[in-house]
Novice: 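What follows is a structure written as structure tokens; I'll ask about it next.
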Amino acid sequence: MVLLPLFEILKCIPSVIIANYKENRLHMGINIIIIIVITLVVLTAVAMKTNIFKFKNYNPDFGSLIGGAISGIATLFVIKHTLTIDDRRARDKARVSAGIIKESISNGWNQMNRMAVEGNVKISYIHNWLEYYSDISYVAKYEYLTTLLKEFQYIDTINAYIEQGNKEKIMSTLNEREFYNQNYTGDFNITDTFLNISCIKIGLKESQSWRLENRNITIIKNIEKDLYTVIEETIYNILIEKGDSELNSISIQLIKLVRSYNEFEKVYDNRIIISALLNICIRINKGNRIGFVWNELSLKR
């Protein structure tokens with residue numbers, strides 16, 4: 001069954017409840033220009049009043065100065081107001097679009113969870129979701145396109161097997177999808193993406209990538225430091241026994257190995273361990289026993 005990992009939702013709650021709109025630098029720039037214009041007008045008026053430069057036959061025209069300044073500042077305010085309205089409309093549109101994509105993902109999950117019972121019912125979703133994602137990108141702090149493409153690709157594959165009536169392929173694709181999202185070491189898996197799009201829908205701050213969290217960075221470094229030799233030896237023995245292997249195919253065995261150590265037994269997010277394993281394999285490749293190219297592990301001969 002495809003289940004939403006509860007611990008991933010819980011860990012995101014503290015950060016997603018803080019409201020914080022994306023900074024609009026253009027509006028800030030206009031505010032700065034207005035302040036500069038007002039400052040220059042004041043300074044110019046003072047200079048004209050005191051004739052600080054001691055011009056001869058000096059006859060200042062304060063009316064023209066003030067009139068021009070008011071006209072210029074009014075124009076800037078009109079531009080700022082127009083941009084504010086356009087910005088608000090774009091943000092409102094992004095929220096609506098985020099809600100549409102969120103519901104599409106959620107409906108897909110619900111149907112996948114019922115797949116064992118209702119295996120002959122195709123999964124429905126908004127096929128023009130890319131148009132709605134384009135709206136979201138106006139306010140989104142991060143990029144979610146890769147993850148969404150993968151998710152809807154899985155749905156298309158499952159629907160194709162439903163048309164064929166191939167239940168075995170349906171279930172294997174569901175399992176493959178679950179494995180992919182649990183072990184995907186990119187910035188956001190589908191759960192992270194769903195949570196952040198939900199935040200965009202209601203105007204809350206998006207959570208940063210799990211890879212940027214200090215706690216996760218520290219754990220990855222500790223795994224590399226404490227278990228490098230153990231993992232290298234284990235991989236070596238696996239390759240002697242099974243021959244060339246993809247890291248993905250032996251990752252479950254290696255994850256269990258890492259969690260067998262007390263200090264790492266509560267590292268529930270597979271992605272943290274997988275990231276450490278990738279770093280270790282890259283280091284191993286520099287030695288003379290094991291090669292690691294394109295996710296493929298092999299013995300050096």
Novice: Just by distance, do the side chain of Asn196 and the backbone of Ser207 share a donor-acceptor pair under 3.5 Å?
Specialist: yes
Novice: To check you understand the geometry: which heavy-atom pair defines the closest contact between Phe264 and Val258, and what is its length?
Specialist: CB-O, 3.5 Å
Novice: Treat each ILVMFWY residue as a node, draw an edge where side-chain heavy atoms are under 4.5 Å apart, and state whether Ile190 and Leu130 are in one component.
Specialist: yes
Novice: Ignoring hydrogens and angles, tell me if any N or O in the side chain of Glu206 forms a donor-acceptor pair with the backbone of Cys199 under 3.5 Å.
Specialist: no
Novice: Quick one, Gln182 and Arg271 - any side-chain contact, counting heavy atoms below 4.5 Å?
Specialist: no
Novice: Do Ile274 and Asn248 make a side-chain contact, defined as non-hydrogen atoms from C-beta onward lying under 4.5 Å apart?
Specialist: no
Novice: Would a 4.5 Å heavy-atom cut-off, applied to side chains only, mark Leu254 and Ile235 as touching?
Specialist: yes
Novice: Just by modelled atom types, is the Ser245 backbone N or O under 3.5 Å from a matching donor or acceptor in the Ser249 side chain?
Specialist: no
Novice: Would you compute the distance between atom NZ of Lys201 and atom CD1 of Ile100 and round it to the nearest 0.5 angstrom?
Specialist: 10.5 Å
Novice: Under 3.5 Å, is there a donor-acceptor pair between the Asp187 and Tyr142 side chains?
Specialist: no
Novice: Checking Glu131 against Asn128 for the side chain to side chain contact (heavy atoms under 4.5 Å, CB included) test, could you report, in this order, the C-alpha distance in whole Å, the side-chain angles of both residues, the deciding distance, and whether it holds?
Specialist: CA-CA 6 Å; Glu131 296 177 19; Asn128 63 332; 3.6 Å; yes
Novice: Hey, quick one: are Val293 and Ile282 part of the same hydrophobic cluster, counting side-chain heavy atoms closer than 4.5 Å, chains of contacts allowed?
Specialist: no
Novice: Within 45 degrees of the axis of the six-membered ring of Phe152 and under 6.0 Å from its centre: does Lys150 put its NZ or CZ there?
Specialist: no
Novice: For the backbone of Tyr144 and the side chain of Thr146, can you confirm whether one donor and one acceptor N or O come within less than 3.5 Å of each other?
Specialist: no
Novice: So Leu297 and Glu246, do their side chains get closer than 4.5 Å, heavy atoms only?
Specialist: no
Novice: Can you tell me how far CD1 of Ile280 sits from CD1 of Ile290, rounded to the nearest 0.5 angstrom?
Specialist: 11.0 Å
Novice: Where do Asp135 and Ser97 come nearest, in terms of heavy atoms and distance?
Specialist: OD2-OG, 2.8 Å
Novice: Answer yes or no: is there a side-chain heavy-atom contact under 4.5 Å between Asn183 and Ile255?
Specialist: yes
Novice: Any heavy-atom pair between the side chains of Lys221 and Thr218 that's under 4.5 Å?
Specialist: no
Novice: Answer yes or no: is there a side-chain heavy-atom contact under 4.5 Å between Tyr125 and Asn107?
Specialist: no
Novice: Return yes if a side-chain donor-acceptor contact under 3.5 Å exists between Tyr154 and Glu176, otherwise no.
Specialist: yes
Novice: Starting from the C-alpha separation in whole Å, work towards a yes-or-no answer on side chain to side chain contact (heavy atoms under 4.5 Å, CB included) for Asn270 and Arg259.
Specialist: CA-CA 10 Å; Asn270 285 4; Arg259 288 196 179 121; 2.6 Å; yes
Novice: Does Lys266 NZ have over 12 foreign heavy atoms under 6.0 Å away?
Specialist: no
Novice: Assess whether atom CD1 of Ile252 is packed by more than 12 heavy atoms of other residues, nucleotides or ligands within 6.0 Å.
Specialist: no
Novice: Under a 4.0 Å threshold between the charged nitrogen and the carboxylate oxygen, would Asp156 count as salt-bridged to Lys122?
Specialist: no
Novice: Assess whether atom CD of Gln164 is packed by more than 12 heavy atoms of other residues, nucleotides or ligands within 6.0 Å.
Specialist: yes
Novice: Using 0.5 Å steps for rounding, measure from the OG atom of Ser172 to the CZ atom of Arg177.
Specialist: 13.5 Å
Novice: For Ile238 and Ile250, work out which heavy atoms get closest and say how close.
Specialist: CG2-CG2, 3.9 Å
Novice: To the closest 0.5 Å, what do you measure between OH (Tyr228) and SG (Cys281)?
Specialist: 9.5 Å
Novice: Are Gln111 and Ser124 close enough, and set up right, to give a side chain to side chain contact (heavy atoms under 4.5 Å, CB included), and what steps lead you there?
Specialist: CA-CA 8 Å; Gln111 290 176 268; Ser124 59; 3.4 Å; yes
Novice: Go through the steps for Asp269 and Asn216 under the test side chain to side chain contact (heavy atoms under 4.5 Å, CB included), then give the verdict.
Specialist: CA-CA 9 Å; Asp269 193 335; Asn216 295 340; 5.5 Å; no
Novice: Could you tell me which non-hydrogen atom of Ile200 sits nearest to which non-hydrogen atom of Ala98, and how far apart they are?
Specialist: CG2-CB, 3.9 Å
Novice: Say whether Ile284 and Ile240 are linked into one hydrophobic cluster, either directly or through other cluster members, by side-chain heavy-atom distances under 4.5 angstrom.
Specialist: yes
Novice: Classify the angle between the aromatic ring planes of Tyr184 and Tyr180 as parallel (below 30°), tilted (30 to 60°) or perpendicular (above 60°).
Specialist: parallel
Novice: Could you check whether any side-chain N or O of Ser106 sits under 3.5 Å from a backbone N or O of Glu103, counting only pairs where one atom can act as donor and the other as acceptor?
Specialist: no
Novice: Applying the 4.5 Å side-chain criterion to the ILVMFWY set and letting contacts propagate, would Phe179 and Leu277 be lumped into a single cluster?
Specialist: no
Novice: Taking the side chain as C-beta and beyond, is there a heavy-atom pair between Ile101 and Ile126 under 4.5 Å?
Specialist: no
Novice: Go through Trp210 and Phe188 one step at a time and tell me if the ring-ring contact (aromatic ring centres under 6.0 Å, His included) criterion holds.
Specialist: CA-CA 8 Å; Trp210 64 276; Phe188 303 98; 9.7 Å; no
Novice: Nearest 0.5 Å please: distance from the OG1 atom of Thr193 over to the CD atom of Glu143.
Specialist: 8.5 Å
Novice: Applying side-chain hydrogen bond (donor to acceptor under 3.5 Å, both in side chains), which residue pairs with at least one partner in residues 276-291 are found, sequence neighbours left out?
Specialist: Glu224-Asn279, Glu233-Arg289
Novice: On a heavy-atom basis, which atom in Ile136 and which in Ala94 lie closest, and how many Å separate them?
Specialist: CG1-O, 3.9 Å
Novice: To the nearest 0.5 Å, how far apart are OG1 in Thr147 and CG in Asn181?
Specialist: 7.5 Å
Novice: Which heavy atom in Ile220 sits nearest to a heavy atom in Ile272, and how many Å separate them?
Specialist: CG1-O, 3.5 Å
